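What follows is a single structure, written as C-alpha cells, with notes after it.
Values in this document were obtained by computation on a predicted structure and should not be read as measured data. By convention in this document, chain letters (A, B, ...) are assigned in the order of the sequence lines, proteins followed by strands, and residues within each chain are numbered from 1.
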Amino acid sequence: MKITHLVWLRNDLRCQDNPALHFAFLEASSLQEGIAVLVTPTPKQWAKHNESDAKTGLRAGLINTLSSTLAQLGIPLHCLDTETFETLPELIAQFCTSNNIKHFWFNRDLPIHEQQRDQAVCETLKSLDISCHVQATDLIVPRDVLSQQGTPFKVFTPFFNRWITLLAEQDITPFPAPEKQADALTVKPLDLPWAKPYRDDLWPADQDIAKQKLWQFCHHKERHYKESRDYPIEPATSTLSPYLALGALGPRQCLEAIFYTCNQEERRWQDSIWLKELAWRDFYRQLMAHFPALCMNRPFKPETDALIWRHNNAEFQAWCEGKTGFPIVDAAMRQLNQTGWMHNRLRMIVASFFTKLMFADWRKGEAYFMSKLIDGEFAANNGGWQWSASTGCDAAPYFRVFNPTRQSETYDKNGDFIRRFVPELSKLDAKSIHDPKPEQRKLCKYPAPIIDYKPARLAAIAAFDELKGR
DNA sequence: TGGTTTTTGAT
DNA sequence: TCAAAAACC
C-alpha cells in the first residue's frame, strides 16, 4: 500500500474525532492508498509564545502515546524537528517530495501566526502540485457564529443563544478513529529533546485516560457543576483543560458525553453549565479569529490603551511567587507554580488583584500565566485577562473590583484551600486565615499585604473614570 | 462571574 | 434598628 496522504497534527493530538485524520483516511482508503501523520515541534516558536514547560512536557508525552496508538493501526507518525514556523514550508515540502506525498491534510488553526504559517505551507506545497485539504477548526461549532447583521458577536450571551441554535441543528456525532490500514508497526519512543518534566501524576500523557476522565466527570460531577464549581477546594471542575488545549480530547467528544449524561439523567443539555464553559472556549477563539488585533498585543477596547499601568517590580515578583500577603491570592499563585494549573475562580481573583489593585499591565499577567499554565491557550487566556482588566469584549465593568478577602471568605469559607498551598498559615482558624492580624502574620512568618485595598480600588476606578472624560 | 454606600421599608 | 434592595462606582 502506497502512502500518499499526510496528516499534519498540531494542537489536535488525537485519533478520535479528528476531522483531518478522519477525512484523510476515508479519502486514502477509497483510493486504496494509505495515510501517515506528521508532527513538527517548533520549540523556539513555543518559547516566543511563552509556552510553559508543563504544556511542552504534556505535549511530548501525548505525541509518543499517539505514535503508539497510530502504530497499532499501521499508520506511521513522523516527527520533523525544527525551531520556528519560518522553516516549516521548506521542511515539509522536502518531506513530501522525498516520500511521494500527494495530499496534505490539517485542521484549521485560528491564531494569526498559525494562520500565516499554514498559508505559507499550503502555498509551497501547491507549487509542488501537492493538494492541501484544510478541515474544520477544533471548536464545538466550527462555523462562524454571527448575528443577524452578519457581524461577529461582541457579547457572550447573544453569542451563546445563537451558538446553541446552531448546535441543535448540526450533526454532533464525533468522527471515528481511522481503521487499521496495515499491520501494526513497531515503534520506539521518539527522541524529543525539548520535552520538559511536568506533573504527569495529575495529567497522564494518554488520550485514553483523558477520555476516561471526561466520562467519569460527566457521570459523577457534571450535574453538580453549577453549585460546586466556584469552590477551589472541591474536586468539582473537570480539569480537562490541558487535554483540550493540546487536542488530546476534542470539544465534540465532550459534547457527546454531555448529551449522553443529560439524556440518562433526564436533564436538558442546553442547561448544562459545563457546556456553557465550552461555549466560552468557542467564543474567545472565534473572537480572536475575527479581531486579529487581539493577537498583536492590543486590547479589544482601544481607548484602554491610554491607561497608564503602574509597573512595580517588587509587587510583580510578590504576585508571581505567591507572597502578596493576601492568603487566597498567594494560595492560588502557588497552585499555579506547583501544578501548572489554577482553579477558574482563583484565576479571576488573582487577575482582578493584578489588574485592578496592583494596576499592573494585564499583558504582563497574561504572559506570566502562559509561561506557567499547562492548559495555556492564547484565546482563552487573553480573553480572560482582558475580561478581568475591563479592556476586553464583554468584559467586567471597570468598577468591578474583586475584594480578595471577601472572595476568600465566600469561596474558601473554612480556609482549607489556603491551608493546602500556604502551609505557614495552616494553624490559623477559619475566621482569621483570610486576613491574618499583624501579630499572626509575624508568628507565621507570613508577609504583610503589599496593597492597601481601599485606596487601591478607588485609584483603579478613578483611572478608568478619567479615561471616560478624555 | 462585584463591592460599597445609600435608600427603603418592615419592625 | 436592621436587613434587603437599589443606586452608584
Salt-bridge present (A:Arg441, A:Asp435; N to O < 4.0 Å):
yes
Determine, for A:Arg59 against A:Glu51, whether the closest basic-nitrogen to carboxylate-oxygen distance falls under 4.0 angstrom.
yes
Can you tell me how far [atom2] of [N] sits from [atom1] of [X], to the nearest Å?
X	N	atom1	atom2	value
A:Leu458	B:dT4	CG	P	10 Å
A:Asp394	B:dG2	CG	P	14 Å
A:Tyr398	B:dT1	OH	C1'	19 Å
A:Leu357	B:dG3	CG	P	11 Å
A:Glu277	B:dT1	CD	P	11 Å
A:Phe399	B:dT4	CZ	C1'	12 Å
A:Arg400	C:dC9	CZ	C1'	12 Å
A:Lys454	B:dT5	NZ	C1'	10 Å

Taking OP1 and OP2 of B:dG3, is either one under 4.0 Å from a side-chain nitrogen or oxygen of A:Gln407?
yes
Compare side-chain N and O positions of A:Tyr411 against OP1 and OP2 of B:dG2 and report whether any pair is under 4.0 Å apart.
yes
For atom CZ of A:Arg363, decide whether the heavy atoms of other residues, nucleotides or ligands shown that lie under 6.0 angstrom number more than 12.
yes
Within 6.0 Å of CD in A:Gln119, more than 12 heavy atoms from elsewhere:
no
May I ask you to test the A:Met342-A:Phe369 pair for a side-chain heavy-atom distance under 4.5 Å?
yes
Side chains of A:Pro235 and A:Lys221 in contact at under 4.5 Å (non-hydrogen atoms)
yes
Considering only side-chain heavy atoms of A:Asn403, which listed nucleotide, B:dG3, B:dT5, B:dG2, is closest?
B:dG3
Of the candidates B:dT1, B:dG3, B:dT5, the side chain of A:Arg406 sits closest to B:dG3
Residues touching DNA chain B, which here means a heavy atom under 4.0 Å, drawn from residues 344-354 of chain A:
A:Arg345, A:Met348
A:Tyr453 near the nucleic acid: base, sugar-phosphate alone, or nothing, with a heavy-atom cut-off under 4.0 Å?
sugar-phosphate
I would like to know whether A:Trp280 and A:Phe156 meet ring-ring contact (aromatic ring centres under 6.0 Å, His included); could you show each step before the answer?
CA-CA 8 Å; A:Trp280 275 102; A:Phe156 176 75; 3.9 Å; yes
